[in-house]
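Here the structure is laid out as structure tokens; the discussion comes afterwards.
The sequence lines fix the lettering, A, B, ..., with proteins before strands; numbering per chain opens at 1. What you see is a predicted model, and the numbers here were worked out from it, not measured in a lab.
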Protein chains: 2
Amino acid sequence: MRNPEFNKEQVLRAAIKAFVCKGYNKTSMQDLKQATGLHPGSIYCAFGNKQGLLIAALEQYNQDSSAKFIQLVSGHNSVLAGLKKYIENTVSECSLDGAEKACFSQQVLSDLSHPDPIVEEVIATNVEQWKNGFTNLFEQALDANEIDNSRTPLQRTQSVVMGIYGLRTYAHSHPSSDVLKELAQQLFEDVCR
Amino acid sequence: MRNPEFNKEQVLRAAIKAFVCKGYNKTSMQDLKQATGLHPGSIYCAFGNKQGLLIAALEQYNQDSSAKFIQLVSGHNSVLAGLKKYIENTVSECSLDGAEKACFSQQVLSDLSHPDPIVEEVIATNVEQWKNGFTNLFEQALDANEIDNSRTPLQRTQSVVMGIYGLRTYAHSHPSSDVLKELAQQLFEDVCR
DNA sequence: AAAGAACTTGAATGTTCATTCAAGAAAGCC
DNA sequence: GGCTTTCTTGAATGAACATTCAAGTTCTTT
């Protein structure tokens, strides 16, 4: 009996990088071979097919981004400072060249015109979880009297999610990092008002 | 001497529809043949290649969306009412099933991971023109005292563009039309505040 | 009505790409 | 060390696709 020679997490993170960089459709098995170090046959053995790899990668992304969310949001003096930190981190990610300008889930969704139901469900779960993070945050902020109840936590969540989508799309057109920071600051203010 | 049998505008609008529906990359020449009624050879004769058709389509889109902008924004009691109308129209477009959920330019930009410089320039021109429309609008609103000068027209333009990008991306996940309307209303308020 | 010019057609071409599979290599077990 | 099981390799396969082009069609001019 032999053990597999690769580390699944490592492979999936490499795959995510490749997918985010070129888009799912344009990432060939050759690209994936180069990125992950796995030969086509091995990928098929481990994940069934290209879409199987995508689904596994989306699940990994889900885990990773949840962890990152918690890490960024925690350990601040106020709840809203955590939110601010998160938004600022998004901006820095967007400003990187060639790297992750888009949220992986969202990119896949627009890449696949008619996504497979399974893929769609994994993405929906991702987004759901992300939104829950924000909603919890706003509930805590409400409890701590950092925001008023003129809008519900859910409404604020929707606004901030929309805003981040917008920020990321805006970043595609290579604006100066100052403009992006200004937009992020404005978003933060609008959402907390 | 013969005349071409097709109407260029009609063909380009049909091509835009096809591109927006399936995405540029996934739209095959067969799809384009079906959509435009032109056989592959004719398309190559008229536009050089697939990318030539894309560029011509983007230029047509530029014209059409400029015209639509003016049409939507004009003829209201106040300048801001025009803006509101425009945002509301965007929401209705997003709510349509299968139709134009995304701005064509923006969709192409994310579809082509490394866009040809020519394509990129045409898109940049599109966006520039669109932004100018908003900036003019906010300048008029400032002159008419409908908004204050706590933020420049350019800053407000950036915010509204980001917001519309966000709205459109948000629409991809099939939210209820009420949520979308609420987000649009909030966007309008935040931008005019 | 005949010739010529321009346009249209769609099968053929060559390329790219996901996927398969048979042969080879390595680990565990006796 | 030999045997079995599992994993890895990468060339072969076949489908999908953009592009070409030679033959066919239609319009205009004289």
Measure the distance from CD on A:Q51 to C1' on C:dA18 and round it to the nearest whole Å. 13 Å
Ion pair check, A:D148 and A:R156, cut-off under 4.0 Å: yes
Of D:dT20, D:dT8, C:dA18, the nucleotide closest to the side chain of A:C45 is D:dT8
Consider side chain to side chain contact (heavy atoms under 4.5 Å, CB included). Of A:V108, A:L53, A:D111, A:D31, which one does A:F19 pass it with? A:L53
Round to the nearest Å and state the distance from A:I43 atom CD1 to D:dC7 atom P. 16 Å
Nucleotide N/O of nucleotides 10-14 of chain C paired with protein N/O under 3.5 Å:
residue: C:dG10; atom: OP2; partner: B:H39; partner atom: ND1; Å: 3.1
residue: C:dG10; atom: OP2; partner: B:H39; partner atom: NE2; Å: 3.4
residue: C:dG10; atom: O6; partner: B:G41; partner atom: N; Å: 3.4

B:N25 CG to C:dA18 P, in whole Å, measures 13 Å
Spacing between A:F47 atom CZ and D:dC7 atom P, to the nearest angstrom: 13 Å
Is it the case that the side chains of B:Q158 and A:E182 hold a donor-acceptor pair, with the cut-off being a distance below 3.5 Å and no angle test? no
Side-chain polar contacts of residues 69-82 of chain A - donor-acceptor pairs under 3.5 angstrom, sequence neighbours left out - could you list them?
residue: A:S74; atom: OG; partner: A:I70; partner atom: O; Å: 2.5
residue: A:H76; atom: NE2; partner: A:L72; partner atom: O; Å: 2.9
residue: A:S78; atom: OG; partner: A:A81; partner atom: N; Å: 3.0

salt_bridge(A:K181, A:E88) N-O dist < 4.0 Å: no
Between P of C:dT16 and NZ of A:K26, the distance in whole Å: 13 Å
I need the CG-P distance between A:L32 and C:dA18, as an integer number of Å. 8 Å
According to salt bridge (charged side-chain N to carboxylate O under 4.0 Å, His left out), does anything in residues 119-142 of chain A pair up with another residue at least two apart or in another chain? List the pairs. none
Between C1' of D:dA18 and CZ of B:F19, the distance in whole Å: 12 Å
Starting at CG of B:N49 and ending at C1' of D:dT19, how long is that distance when rounded to a whole Å? 9 Å
Between B:Y44 and D:dT20, is there a contact of a side-chain N or O with OP1 or OP2 at under 4.0 Å? no
